[in-house]
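Contents: one structure, followed by commentary.
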There are 2 protein chains.
Amino acid sequence: MRIGELSERTETPRRLLRYYEEQGLIVSNRCANGYRDYDEATVDRVVQIRGLLDAGLPTRIIKQILPCLDKPRAIHFPDATPEMIATLEHERDRMTRRITCLARNRDAISEYLEAVVNGPGAGR
Amino acid sequence: MRIGELSERTETPRRLLRYYEEQGLIVSNRCANGYRDYDEATVDRVVQIRGLLDAGLPTRIIKQILPCLDKPRAIHFPDATPEMIATLEHERDRMTRRITCLARNRDAISEYLEAVVNGPGAGR
DNA sequence: TCAAACCATCACACAAGTGTGAAGGTCTAC
DNA sequence: GTAGACCTTCACACTTGTGTGATGGTTTGA
């Protein structure tokens with residue numbers, strides 16, 4: 001599919017799709033006329049990238065973790081250098097910390113909202 | 001305490017503490033000589049702010065949700081305008097989405113790492 | 001009293017993600 | 001063949017969170 005369709009289906013500006021490609025997060029084939037051509041799987045990948053970006057990961061890190069998420073895992077074993085493994089472990093831990101922080105704060109918000117809808121009287 | 005101590009205890013550059021104050025995320029009293037004076041609770045607050053920033057929330061949003069997290073909840077009921085409640089619900093949902101995304105990707109990383117340490121042979 | 005270690009404000013700069021528009025090529029349909 | 005809707009690259013600019021340094025006041029200890 002071309003960039004316009006990918007843009008619509010992922011609700012992502014074309015500008016950013018080109019940027020993600022520039023950063024090495026997605027790839028595209030080129031048609032004879034120079035147009036980018038994406039395959040179906042790119043849709044999910046873009047959604048995933050956007051989610052991770054929104055969760056505070058920079059493209060540099062996203063680029064490193066994306067290959068681990070592909071299905072035929074065995075293919076990627078050769079790239080598994082010790083440094084890479086260390087990076088992944090570090091990022092995994094950092095994500096866990098982010099999750100903990102988000103969950104705690106979200107729960108506090110929920111609690112607050114509950115208290116509010118129950119009326120000020122119920123809070124004491 | 002003064003900014004130097006707060007900086008050390010929160011591992012946060014002074015520059016950023018002043019920035020957070022400028023954005024209305026923390027407050028300080030001023031000593032006679034103009035030095036900032038923080039109270040004990042600011043330590044936790046700064047840590048919380050940094051966690052949320054790292055999880056992708058902008059200061060503008062953090063500023064809005066921080067008041068809900070204070071202990072004596074009843075004090076803040078007057079500010080609970082309908083728009084404020086809508087904002088909070090929206091941010092709560094967004095945080096949930098972030099958590100889901102982070103958890104899924106973190107689990108995939110964990111899975112990958114497990115496969116790697118078990119050796120390529122175990123992956124098939 | 002003088003140095004060192006704090007503190008203050010101000011300002012310029014940078015990276016990352018994103019917005020926007022210019023200038024131009026390609027394809028489709030009337 | 002021309003208009004409109006696509007696509008291309010390039011470039012300039014904005015925002016946000018940070019880094020860094022200049023310039024100067026205050027406090028503390030030798």
Side-chain angles (χ1 to χ4, degrees), chain A residues 1-39 42-43 45-66 91 94 97-98 101-102 105, chain B residues 1-39 42-43 45-66 91 94 97-98 101-102 105:
Chain A
M1 89 198 66
R2 287 178 306 183
I3 200 170
E5 186 183 340
L6 182 61
S7 170
E8 273 187 19
R9 289 174 61 183
T10 60
E11 293 179 319
T12 304
R14 287 145 230 248
R15 169 73 172 91
L16 291 186
L17 295 174
R18 299 196 184 99
Y19 175 69
Y20 298 155
E21 180 174 334
E22 189 181 303
Q23 301 303 308
L25 303 184
I26 56 177
V27 292
S28 67
N29 303 313
R30 293 298 180 125
C31 303
N33 56 15
Y35 289 9
R36 266 166 261 256
D37 184 44
Y38 299 99
D39 55 68
T42 312
V43 176
R45 176 152 287 214
V46 169
V47 170
Q48 190 173 27
I49 290 168
R50 303 218 93 204
L52 290 171
L53 277 174
D54 185 59
L57 280 77
T59 54
R60 198 191 108 254
I61 300 298
I62 296 176
K63 182 179 176 180
Q64 289 185 292
I65 71 176
L66 272 182
E91 291 304 323
R94 198 152 167 211
R97 283 198 299 276
R98 270 189 261 245
C101 173
L102 284 170
N105 283 280
Chain B
M1 88 198 65
R2 286 179 307 182
I3 200 168
E5 185 184 341
L6 183 60
S7 169
E8 273 188 20
R9 289 175 61 184
T10 60
E11 293 179 320
T12 305
R14 287 145 231 248
R15 168 75 172 88
L16 291 186
L17 295 174
R18 299 195 186 100
Y19 175 68
Y20 298 154
E21 179 173 334
E22 190 183 301
Q23 301 302 309
L25 302 184
I26 56 178
V27 292
S28 68
N29 302 313
R30 293 298 180 126
C31 303
N33 56 14
Y35 288 10
R36 267 166 261 255
D37 184 43
Y38 299 98
D39 55 68
T42 312
V43 176
R45 175 150 290 212
V46 169
V47 170
Q48 190 172 27
I49 289 168
R50 304 218 94 205
L52 289 171
L53 276 174
D54 185 59
L57 280 76
T59 53
R60 198 191 109 254
I61 300 297
I62 297 176
K63 182 179 175 180
Q64 288 186 292
I65 71 176
L66 273 181
E91 290 305 323
R94 199 154 167 209
R97 283 198 300 276
R98 269 188 262 245
C101 173
L102 284 170
N105 283 281

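Letters A, B, ... are given to chains in the order of the sequence lines, protein chains preceding strands, and every chain is numbered from 1. Values in this document were obtained by computation on a predicted structure and should not be read as measured data.
Across all strands, R30(A) comes closer than 4.0 Å only to sugar-phosphate atoms, never to a base (heavy-atom distances). In this structure, R14(A) reaches the sugar-phosphate backbone alone: every heavy-atom distance under 4.0 Å involves primed, P, OP1 or OP2 atoms, never a base.
Within a 6.0 Å sphere centred on CZ of R60(B), heavy atoms belonging to other residues, nucleotides or ligands number 12 at most. In E8(A), the CD atom is not crowded: 12 or fewer heavy atoms of neighbouring residues, nucleotides or ligands sit closer than 6.0 Å.
For R36(B) and dA8(C), the CZ to P distance is 4 Å, given to the nearest whole Å. Taking atom CD1 of I61(A) as the reference point, atom P of dG17(C) lies 11 Å away to the nearest angstrom. At whole-Å resolution of the value, CD in Q23(A) and P in dA15(C) are 13 Å apart. Atom CD in E5(A) sits roughly 15 Å away from atom C1' in dA5(D) (whole-Å rounding). As a whole-Å value, the separation of D37(B) CG from dA8(C) P is 10 Å. What separates CD of E22(B) from P of dA8(C) is a distance of 13 Å, to the nearest Å. Between the CG atom of D54(A) and the P atom of dT18(C) there is a distance of 9 Å, given to the nearest Å. When rounded to the nearest whole Å, the span between CD of E21(A) and P of dC7(D) equals 13 Å.
OP1 or OP2 of dC6(C) has not a single side-chain nitrogen or oxygen of R2(B) nearer than 4.0 Å. The phosphate of dG25(D) has neither OP1 nor OP2 within less than 4.0 Å of any side-chain N or O from Y35(B). At the phosphate of dT16(D), neither OP1 nor OP2 sits under 4.0 Å from any side-chain N or O atom of T59(B). Proximity of N33(A) to the phosphate of dC27(C): a side-chain N or O atom is located under 4.0 Å from OP1 or OP2.
Among the nucleotides dT20(C), dC27(C), dT8(D), the one closest to the side chain of R15(A) is dT20(C). Looking at the side chain of Y19(B), the nearest of the listed nucleotides dT9(D), dG17(C), dT18(D) is dT18(D). Among the nucleotides dG19(C), dG17(D), dT9(C), the one closest to any side-chain atom of P58(B) is dG17(D). Considering only side-chain atoms of I3(B), the nucleotide from dT9(C), dC7(C), dT26(C) that sits closest is dC7(C).
Across all non-hydrogen atoms, the minimal contact from G51(B) to C101(A) is C-SG, 3.6 Å. When all heavy atoms of R98(B) and D54(A) are compared, the closest pair comes out as NH1-O, 2.8 Å. The two residues R50(B) and Y20(B) make their nearest non-hydrogen contact at NE-OH, 3.3 Å.
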